[in-house]
Number of protein chains: 2
Amino acid sequence: MDAVLSELVSSGRITDPQSAKGRLMRAAAHLFKNKGYERTTVRELGAAVGIQSGSLFHHFKSKEAILLCVMEETIIINIARMHEALKQADDPKAKLLALIECELASIHTDTGEAMGVLVYEWRSLGEDKQKYILQLRDEYESLWLSTINQGKQAGLIIHDAFILRRLLTGAIGWTTTWYRPNGDISLEALAQQTLQLAIK
Amino acid sequence: MDAVLSELVSSGRITDPQSAKGRLMRAAAHLFKNKGYERTTVRELGAAVGIQSGSLFHHFKSKEAILLCVMEETIIINIARMHEALKQADDPKAKLLALIECELASIHTDTGEAMGVLVYEWRSLGEDKQKYILQLRDEYESLWLSTINQGKQAGLIIHDAFILRRLLTGAIGWTTTWYRPNGDISLEALAQQTLQLAIK
DNA sequence: TTGTAAACCAAGCGCTTGCTTGGTAGGGTG
DNA sequence: CACCCTACCAAGCAAGCGCTTGGTTTACAA
């Protein structure tokens, strides 16, 4: 467990992955990612953690609440990790690479399945919950935009910042469908190739 | 209706958009795109075209068959359009731009909603149907790969062909979530910006 | 030992789902 | 006219869904 994560756990901002609730959320992320939220039943979810379906509602008040919790904690973790990565990079190019590596890591390491859920299952949330998640996402995106704008001032980037960010969001997010960490290209190399898209 | 489309209709390879079945498929694409396949009920679908839910099963043997048909015809149309666009471009750069414009158009013009369904709802198909759609997609992708490889030989491109294609797939596909044709950037300009990602 | 609260089970309720059934209105054809 | 065939409706079935309920087990503190 990295320092950022344990800090968040001990401060109570996110659930301990070791706890019963944490295990349940990981199982939920796994099922929601691979089958989709709607196609995952509470009975499957219960079976995945070895309890009856009804017992889930002792931990969460609804199936939707599980989805929301998975999404919420995932963003919180990754915002914190991005802050940390930015702090350790000095020049604009290194900062941009750091964000790319962070986002790729968020998709392909511990929070990977939850990130997939976050991106592809937001429509299953009620309207007010969607707004809340969107608000957290805005915080995340503002880190990207300010970094890209620093790159523009340094002459690294010729694209419009908003458009570049959106193109990169798609390019990076889509890796969830094809990239496998054990394949013949490392995450770092993939990050480099992605950086080469962005800078001239 | 463009020449490519009417050719496909009159040869019987795809359904006439004017027919009852065609209207039903458009309504289905609309609902599946905006609500998701699982969250769309046959009752809603019937109401959208002004018939009872049970009457749908006179035209299609199952809800899944509607989804499959929407996906299948969408790929067929867009493969045909890409062939046509490639024929009318001469040098590698123009060919690449033509493909980018084609893919952006497929997402943001008549087949747009169906393309969204194709990309995000394939998990709702049974296993054998998934394989069939994947096979059609392979045909589509081979057009891209050969064009990118021509670009590499011409010195336009430094990326690995497979990786570049996948990054571009994501970048272009993601535009469905943010680009609006009536906004302040045209599809052609967006295609140009996307081309700038790919070439050095 | 007793009290309390958290964690869980077994059963099933009420509702929605995709789909089936039996029947009918209407236009074209002999 | 009779005979179809296509397109549709009205009704409802069987299955599966999220979730509730009442009660039991377990852990730990007083």
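The analysis underlying the following values was restricted to heavy atoms, covering all of them including side chains, and did not include hydrogens, waters or symmetry mates. Chain letters run A, B, ... following the sequence lines, proteins first, then strands; residues in each count from 1. Since we're looking at a predicted model, the values are computed, not measured.
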query = Which pair of heavy atoms, one from Leu96(B) and one from Ala198(B), lies closest together, and at what distance?
reply = CD2-CB, 4.4 Å
If only side-chain N and O atoms of [X] are considered, is one of them under 4.0 Å from the OP1 or OP2 phosphate oxygen of [N]?
| X | N | value |
| --- | --- | --- |
| His59(B) | dT6(D) | no |
| His58(A) | dA7(C) | yes |
| Ser55(B) | dC9(D) | yes |

Taking [atom1] from [X] and [atom2] from [N], how many angstroms apart are they, rounded to a whole number?
| X | N | atom1 | atom2 | value |
| --- | --- | --- | --- | --- |
| Lys61(A) | dA6(C) | NZ | P | 19 Å |
| Leu56(A) | dT20(D) | CG | P | 12 Å |
| Lys63(A) | dT20(D) | NZ | P | 14 Å |
| Lys21(A) | dC8(C) | NZ | C1' | 16 Å |
| Phe60(B) | dT20(C) | CZ | C1' | 18 Å |
| Ile51(B) | dA10(D) | CD1 | P | 12 Å |
| Leu31(B) | dT17(C) | CG | P | 13 Å |
| Gln52(A) | dT25(D) | CD | P | 15 Å |

note = Result for 5'-nearest mapping on DNA chain D, choosing between Ser53(B) and Gly50(B), is Gly50(B)
inquiry  = Between the base of dG18(D) and the side chain of Arg43(A), is one N or O donor paired with an acceptor at under 3.5 angstrom?
reply    =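 Indeed, a donor on one side and an acceptor on the other fall under 3.5 Å apart.
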inquiry  = Pairing donors with acceptors under 3.5 angstrom, does anything connect the side chains of Gln88(B) and Glu84(B)?
reply    = yes
query = Quick one: do the Thr175(A) and Arg166(B) side chains pair a donor with an acceptor below 3.5 Å?
reply =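 Per modelled atom types, Thr175(A) and Arg166(B) side chains form no pair under 3.5 Å.
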Would you mind classifying the nucleic acid contact of [X] as base, sugar-phosphate or nothing, using non-hydrogen atoms under 4.0 angstrom?
| X | result |
| --- | --- |
| Thr41(B) | sugar-phosphate |
| Ser62(A) | sugar-phosphate |
| Gly46(A) | nothing |

request  = Determine, for Glu103(B) against Arg165(B), whether the closest basic-nitrogen to carboxylate-oxygen distance falls under 4.0 angstrom.
outcome  =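 Yes, this pair counts.
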request  = Examine distances only and state if a side-chain atom of Thr111(B) and a backbone atom of Ser106(B) form a donor-acceptor pair shorter than 3.5 Å.
outcome  = yes
